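The structure appears right after this line, and notes come after that.
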Amino acid sequence: MSVLRVGNASGFYGDRFDAMREMLTGGPLDVLTGDYLAELTMLILGRDRLKDPGAGYAHTFLRQLEECLGLARERGVRIVTNAGGLNPAGLADAVRALADRLGIPVRVAHVEGDDLTAAHPGALAAHAYLGGFGIAECLRAGADVVVTGRVTDAALVTGPAAAHFGWGPTEYDRLAGAVVAGHVLECGAQATGGNYSFFQDGDVRRPGFPLAELHADGTSVVTKHDGTGGFVDVGTVTAQLLYETHGARYAGPDVTARLDTVRLSQDGPDRVRVEGVRGEAPPPTLKVGLNRLGGFRNEVAFVLTGLDVEAKAALVRAQLDPVLDRVADVRWDLARTDRPDAATEETASALLRLVVRDADQQVVGRALSGAAVELALAGYPGFHVLAPPGKGAPYGVFDALHVPRNTVAHVAVRHDGRRVPVPDVQDTAVLRAVPEPPLPRPLPPGPVRRAPLGLVAGARSGDKGGDANVGVWARTDDAWRWLAHELTADRFRELIPEARDLPVVRHPLPNLRALNFVVEGILGEGVAAQARFDPQAKALGEWLRARHLDIPEALL
């Protein structure tokens with residue numbers, strides 16, 4: 001059958017607004033996807049739904065569609081999105097109303113069954129991650145627009161692929177190939193040079209959005225529309241492939257994709273071929289993302305300028321200790337951004353950050369802000385803060401659970417209103433770690449030089465609940481021979497002191513010349529809890545690249 005061209009126009013709720021129009025007008029497409037959901041987004045939508053039971057979906061998608069629904073109809077492009085969030089039926093109705101108002105005849109379907117909130121008392125939102133076969137059912141029935149709630153990000157691609165090529169639920173290798181393509185597309189411009197370690201290799205001032213040319217055998221080519229910014233090469237695709245993954249087995253509701261089988265090759269300018277992906281039966285459980293309100297948090301950053309920074313920090317802490325004794329969770333961090341004999345006041349200053357959390361808003365609100373403000377004329381010399389503390393804001397907590405598959409009712413609601421139960425898979429396999437793969441021969445001994453890791457390796461990092469992953473890859477075979485033996489889990493802990501007392505698991509992926517590290521618990525209760533300076537670990541990989549090691553001079 002023909003190639004299926006699937007593009008992406010959104011990697012998160014708040015991504016570039018005009019990307020939908022750019023993707024529809026920039027070149028040929030069959031399906032346009034939009035990923036609007038993340039762990040933090042589900043919390044935000046849950047809070048929206050508390051205020052308005054009819055809310056709970058991404059309103060940005062509707063505004064984009066108002067400009068672009070006619071374009072999609074004219075070009076025969078079908079739209080698949082998870083913008084339905086907590087209320088896919090509500091968004092589907094809103095799309096129909098919009099289409100009627102614009103006079104554009106479109107068939108709108110949606111997928112539901114992911115909402116398990118009622119089964120989890122105290123949760124703001126609890127949603128199972130569904131697969132792509134509900135989307136496929138809606139498309140096979142003729143839908144032009146398919147709206148979902150919490151499906152896996154890759155399901156936005158596996159669903160259209162299964163519908164187009166007629167794949168069944170046991171065609172694991174083909175489904176796994178589509179999962180890999182979907183994972184590369186899901187974060188938008190991260191596959192086209194955005195957030196890329198070697199961003200200076202091309203012009204990334206305004207990267208275009210990616211698309212994949214999928215084939216019936218599950219292989220694909222990742223590319224972008226001609227004339228759009230950024231670039232697509234083996235490195236950009238490798239970086240995104242490693243993003244927010246764990247081990248060699250990448251589990252999903254439809255299939256477990258073996259990331260250690262992926263082969264990437266440059267197939268021309270801005271074209272990367274993805275092939276060799278093997279798939280296995282999915283796990284016997286489904287992941288459930290559970291969001292709840294954890295309490296209230298507040299923060300203040302004290303600016304410490306000039307001499308005696310440590311003593312000034314100690315004074316602030318001593319002055320606030322009596323107030324903070326009543327707070328459940330207190331964290332102080334001193335960032336020594338100051339320089340000696342600095343030419344500007346800013347570069348002469350350090351930042352002392354105080355973060356407090358408690359179930360009682362009063363304890364972290366007025367009690368803290370009043371005590372901090374009272375130090376204005378009674379604190380260390382040069383006292384000021386970046387911004388006054390507020391009244392305390394609610395924060396969220398994310399937990400990942402797993403439930404038996406038969407407890408989740410996956411339903412496709414066709415454009416004509418018919419509700420079609422989506423059959424579950426017949427075969428499953430318990431997820432197990434793969435055996436350690438053979439590593440390449442070490443480089444022969446030779447002279448070394450102390451230098452940053454980033455001179456020979458790229459990295460990308462991200463969050464998964466309270467854990468973070470850091471994918472590190474080498475750009476040459478010789479660099480991989482060195483990296484595979486040098487960057488052990490113990491060496492990682494040495495380079496990232498914050499991880500020294502945490503479990504760090506290393507997963508080698510030789511086909512990608514990559515190592516994937518999972519740091520368990522470094523993000524506390526997840527991004528919404530904002531437990532650390534970089535709450536989503538987005539820059540953890542760049543910090544690692546900036547650390548110095550003894551690197552063979554032959555690689556430099």
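Computed from a predicted structure; not experimentally measured.
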Of Asp329, Val363, Val330, the one forming a side chain to side chain contact (heavy atoms under 4.5 Å, CB included) with Leu324 is Val330

In the structure I gave you, are the side-chain heavy atoms of Asp399 and Val397 within less than 4.5 Å of one another anywhere?
yes

Donor-acceptor pair between Thr245 and Asn516 side chains, under 3.5 angstrom:
yes

Can you confirm whether Leu401 sits close enough to Lys287 that some side-chain heavy atom of one is under 4.5 Å from a side-chain heavy atom of the other?
no

Look up atom CG in Asn291 and atom NE2 in His127, then write down how far apart they are to the nearest 0.5 Å.
8.5 Å

Please state whether the rings of Tyr36 and Phe61 are parallel, tilted or perpendicular, taking 30° and 60° as the class boundaries.
perpendicular

Side chain to side chain contact (heavy atoms under 4.5 Å, CB included) test vs Arg493 passes for just one of Val504, Asp501, Leu502, Val519, namely Val504

Atom of Ala372, atom of Phe383 and distance for their closest heavy-atom approach
O-CZ, 3.6 Å

Indicate yes or no: does Arg475 engage Asp201 in a salt bridge with an N to O separation below 4.0 Å.
yes

Note, Leu130 side chain near Arg150 side chain (heavy atom, < 4.5 Å):
no

Exceeds 12 heavy-atom contacts within 6.0 angstrom, atom CD of Glu436
yes

Main chain of Ala537, side chain of Ser461: is a donor-acceptor contact present, judged purely on distance under 3.5 Å?
yes

His183 side-chain N/O to Ala154 backbone N/O, donor-acceptor pair under 3.5 Å
no

Are the side chains of Leu124 and Leu43 in touch, meaning some heavy atoms are under 4.5 Å apart?
yes

Any chance the rings of Tyr57 and His59 have centres within less than 6.0 Å?
yes

Show the nearest heavy-atom pair for residues Pro207 and Thr192, with the distance to one decimal.
CB-OG1, 3.6 Å

Between the main-chain N or O of Phe296 and the side-chain N or O of Arg357, is there a donor-acceptor pair closer than 3.5 Å?
no

Go through the steps to decide whether Leu555 and Trp482 satisfy the test side chain to side chain contact (heavy atoms under 4.5 Å, CB included), and finish with yes or no.
CA-CA 9 Å; Leu555 301 180; Trp482 171 78; 3.8 Å; yes

Looking only at heavy atoms, what is the nearest atom pair of Pro452 and Ile551, with distance?
O-CD1, 3.4 Å

Short N-O contact, Lys464 and Asp467, less than 4.0 angstrom:
no

Residues Arg449, Asp550: salt bridge by 4.0 Å N-O rule
no

Please examine the side chains of Pro88 and Thr148, heavy atoms only from C-beta on, and report whether any two atoms are closer than 4.5 Å.
no

After noting the C-alpha distance and the side-chain angles of Glu498 and Phe533, does the key distance pass the side chain to side chain contact (heavy atoms under 4.5 Å, CB included) rule?
CA-CA 12 Å; Glu498 195 177 350; Phe533 169 68; over 6 Å; no

Taking all atoms of both residues into account, what is the closest heavy-atom pair of Leu540 and Ala468, and its distance?
CD2-CB, 4.1 Å

Quick one: does Val456's side chain get under 4.5 Å of Leu483's, heavy atoms only?
no

For a quick check under 3.5 Å, do Ser197 and Glu542 share a side-chain donor-acceptor pair by atom type?
yes

Exam field: side chain Arg481 to backbone Pro442, donor-acceptor pair closer than 3.5 Å:
yes

Hydrogens and angles aside, do Asp490 and Thr488 bring a side-chain donor and acceptor to less than 3.5 Å of each other?
no

Quick one, Arg292 and His120 - any side-chain contact, counting heavy atoms below 4.5 Å?
no

Reference residue Val272; test side chain to side chain contact (heavy atoms under 4.5 Å, CB included); the match among Thr238, Val184, Thr236, Val232
Val232

Just say parallel, tilted or perpendicular for the rings of Phe302 and Tyr380, cut-offs at 30° and 60°.
perpendicular

Between Arg460 and Asn195, what is the shortest heavy-atom contact and its length?
NH2-O, 2.9 Å

Tell me, do Leu264 and Val222 make a side-chain contact under 4.5 Å, heavy atoms counted?
no

Any chance you could measure Glu486, atom CD, to Leu515, atom CG, to the nearest 0.5 Å?
11.0 Å

Closest approach of Leu334 to Glu310 (non-hydrogen atoms, all atoms of both residues)
CD2-OE1, 3.8 Å

Assess the residue pair Leu368 and Val364 against the criterion (side chain to side chain contact (heavy atoms under 4.5 Å, CB included)); give the C-alpha distance rounded to whole Å, side-chain angles, the decisive distance to 0.1 Å, and a yes or no.
CA-CA 5 Å; Leu368 171 67; Val364 299; 5.6 Å; no

Taking atom types as modelled, is there a side-chain donor on Asp35 or Asn82 under 3.5 Å from an acceptor on the other?
yes

Checking side chain to side chain contact (heavy atoms under 4.5 Å, CB included) for the pair Gln536/Leu523: CA distance, chi angles, key distance, verdict?
CA-CA 7 Å; Gln536 289 182 281; Leu523 302 181; 5.7 Å; no

I need the Leu259 CG to Asn511 CG distance, nearest 0.5 Å.
10.5 Å

If you count every heavy atom of other residues, nucleotides or ligands that lies below 6.0 Å from Asp325 atom CG, does the total exceed 12?
yes

Relative to Phe198, does Arg545 satisfy both conditions: NZ or CZ under 6.0 angstrom from the six-membered ring centre, and within 45 degrees of the ring's axis?
yes

When you measure from the side chain of Arg297 to the backbone N and O of Val355, does any donor-acceptor pair fall under 3.5 Å?
no

So CG of Leu487 and CD of Glu494: to nearest 0.5 Å the spacing works out to 10.0 Å

